[in-house]
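Numbering of ligands and ligand atoms starts at 1, following listing order. Because only heavy atoms are used, hydrogens play no part in the values below, and waters and symmetry mates are left out as well, while side chains stay in.
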Amino acid sequence: MNTFDVFPFEALPELLLPWYERNRRDLPWRKTKEPYRVWISEIMLQQTRVEAVLGYYDRFLAALPDIAALASAEDDALMKLWEGLGYYSRARNLKKAARQIMSAHGGTFPGEYDAIRALPGIGDYTAGAIASICFNMPTPAIDGNVLRVCARLANSDADILLPATKKALEAPLKAAYGKGRCGDITQALMELGATVCIPNGAPLCESCPLSSLCRAKAAGTAEKLPIRIKKTKRKEEYLTAFLFTAPDGRIALTKREEKGLLAGLYALPSLSGTLSEAAAAKAAEELGAKPERLVSALQYDHVFTHITWHVTCYRFEVAPPGENAPFLFAKPGEYALPTAFMKGLRLI
Ligand code: SF4
């Protein structure tokens, strides 16, 4: 169940806004609702700590005080102003967007969410922040901070690294914007995430204005949330598979072990590692296949969720299998074979 849907986000402003008024940090970009200034601060704050941005913000605005100045800034001078902040594409996109505002919006920062979102370098989060802070629109700005706070409030165990989780939060969180003061809601949530409902360890629930509503606090799960599942790199495995074909067209099959990948399924005989032709011929002999002729070889990859197989498959014609043959001989298609081995049947 999506627990965001059943959390009363509409109850946040009453508790959150008075707390924000008493506890907000005195930051230069909080003194204005001027879109150009808010925009510059939001872009600088992406992937950068507040303390680091403080040294840059005023200097940047003193040198480039408005959109027109940014649009016509020399590239070298712009990079110099950004030097040390990192992620230089942010600065390049600022200038691109400024030029776009000059040409498409007559030099005035657009006041519609879609037009803001369409500017270079502005994603959902930044568009939501600018639209709510500067134009009082009910457009939640959802970043990792806000996702963490909301996952704890709603006691949600959804993986906050999934885009679907952010999507699932958007509509319910809008309820917090219902009574106006949209910019303050955006900034208060950010402030709470930065100073009270903090990451990496114990959130400061005893100082939290939302503790009476917080379902993770009630359930004792606040320290375990939010859930962030990092994608693990797929393991790479190398395999040599054998397509032993009898004179009557039947092929050799084995059953895989009852544990592990493709457990208990029919498969082509295989060995781990990549064998050369000569080593494969020797191995075929040792497996008891009675190989007579190497006909062809094929290499392919097969991707499972956590493993990639790099398969080298050799087709050998073998002597007619006797009663004690170490494999089951069957017509192709007679038994279901996993796709990872079906690819080897292309050799026939
Ligand atoms: Fe975060 Fe604790 Fe506040 Fe819940 S009560 S929102 S976990 S700081």
**Study point:** Members sharing Tyr238's hydrophobic cluster (side chains within less than 4.5 Å)
**Key:** none
Exercise for review: Could you give me a count of protein N/O/S atoms that are under 2.8 Å from atom 3 (Fe) of ligand 1?
Suggested key: 1
Exercise for review: Look at atom CZ of Arg24 and say whether more than 12 heavy atoms of other residues, nucleotides or ligands are closer to it than 6.0 Å.
Suggested key: yes
Revision key, fill the gap. Taken in chain and number order and not counting sequence neighbours, the residues that satisfy salt bridge (Lys or Arg N to Asp or Glu O under 4.0 Å) with Glu286 are Lys282
Exercise for review: Kindly assign one of parallel, tilted or perpendicular to the pair Phe304 and Trp309, based on the angle between their ring planes and the thresholds 30° and 60°.
Suggested key: perpendicular
Review point. Can any side-chain N or O of Arg90 pair as donor or acceptor with the backbone N or O of Gly121 at less than 3.5 Å?
Key: no
Review point. Going by side-chain heavy atoms closer than 4.5 Å, which hydrophobic residues are tied to Val318, directly or by a chain of links?
Key: Phe242, Phe244, Leu271, Leu275, Leu287, Leu294, Tyr314, Phe316, Phe327, Phe329
